[in-house]
Amino acid sequence: ALRGKAVLLDERGAMSSSPEIAALIAKCRDEGTKELSFCIGGAHGFTDELRQQVKAEGGALLAFGRAVWPHALCRVMVAEQIYRALAILAGHPYHRL
């Protein structure tokens with residue numbers, strides 16, 4: 001069950017930089033999105049139907065490169081990117097631009 005707008009972490013998604021992920025979060029914030037769900041796919045990824053649904057609803061597909069990552073590592077990577085994006089948006093020097 002997806003809550004709010006979805007961001008699917010999918011090997012077929014766009015490879016975005018940290019500032020681009022920050023811009024995505026800012027865009028959702030500025031559009032009034034109350035919840036943003038970052039979703040990690042299962043062993044076989046996401047269905048084409050879900051990918052199309054998320055895109056149609058204004059969500060996004062992101063990839064952390066072309067490699068497939070284990071869930072535990074992916075959770076850490078997405079948490080780091082969310083933290084980094086919020087630091088960028090707050091103007092904190094955490095991220096070197």
Side-chain angles (χ1 to χ4, degrees):
L2 296 176
R3 295 174 56 146
K5 198 172 280 188
V7 176
L8 303 182
L9 301 174
D10 187 288
E11 63 190 19
R12 290 168 237 168
M15 288 187 266
S16 299
S17 67
S18 295
E20 290 169 334
I21 294 171
L24 170 68
I25 291 173
K27 180 177 182 267
C28 291
R29 176 200 62 204
D30 295 347
E31 291 174 346
T33 301
K34 294 183 191 236
E35 293 184 87
L36 191 57
S37 296
F38 286 81
C39 308
I40 302 169
H44 300 288
F46 297 103
T47 64
D48 289 334
E49 293 79 18
L50 181 59
R51 281 193 288 277
Q52 291 170 1
Q53 175 188 342
V54 165
K55 284 183 182 180
E57 293 173 356
L61 275 68
L62 294 180
F64 290 143
R66 292 178 53 190
V68 177
W69 300 97
H71 277 90
L73 184 55
C74 194
R75 282 193 299 269
V76 171
M77 291 165 58
V78 74
E80 165 62 20
Q81 285 305 307
I82 292 169
Y83 178 83
R84 188 178 293 259
L86 296 178
I88 290 168
L89 295 175
H92 190 277
Y94 176 80
H95 183 78
R96 294 175 284 138
L97 294 177

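- Closest non-hydrogen pair, Glu11 versus Arg66, comes out as CB-O, 4.4 Å.
- Cluster membership check: Leu86 shares its hydrophobic cluster with Phe64, using side-chain heavy-atom separations under 4.5 Å among Ile, Leu, Val, Met, Phe, Trp and Tyr.
- Arg12 approaches Asp48 most closely through the heavy-atom pair NH1-OD1, 3.9 Å.
- Minimum heavy-atom separation, Cys28 to Leu36: SG-CD1, 3.9 Å.
- Contact of the Leu62 side chain with the Leu24 side chain is registered, since non-hydrogen atoms from C-beta on lie closer than 4.5 Å.
- The two residues Ala85 and Ile25 come nearest to each other via the heavy atoms CB-CD1, 3.7 Å.
- Hydrophobic clustering, with ILVMFWY side chains joined whenever heavy atoms are under 4.5 angstrom apart, groups Val78 together with Leu73.
- Interatomic distance, CD1 of Ile40 versus CZ of Arg75, reported as 6.0 Å (0.5 Å rounding).
- Val7 and Ile21 fall within a single hydrophobic cluster, where Ile, Leu, Val, Met, Phe, Trp and Tyr side chains are chained together by heavy-atom contacts under 4.5 Å.
- Across every non-hydrogen atom of Ala63 and Asp10, the tightest pair is CB-O, 3.2 Å.
- Here the closest non-hydrogen pair linking Gln81 and Ser18 is OE1-OG, 2.7 Å.
- Side chains of Met77 and Leu9 form no contact here, defined as non-hydrogen atoms less than 4.5 Å apart.
- Between Asp30 and Lys27 there is no salt bridge, since no side-chain N of the basic residue sits under 4.0 Å from a carboxylate O of the acidic one.
- Hydrophobic clustering of Ile, Leu, Val, Met, Phe, Trp and Tyr side chains at less than 4.5 Å, counting indirect connections, unites Leu61 with Leu50.
- The shortest side-chain heavy-atom distance between Arg3 and Lys34 does not fall under the 4.5 Å cut-off.
- Cluster membership for Phe46 and Trp69, using ILVMFWY side-chain heavy atoms within less than 4.5 angstrom, is not shared.
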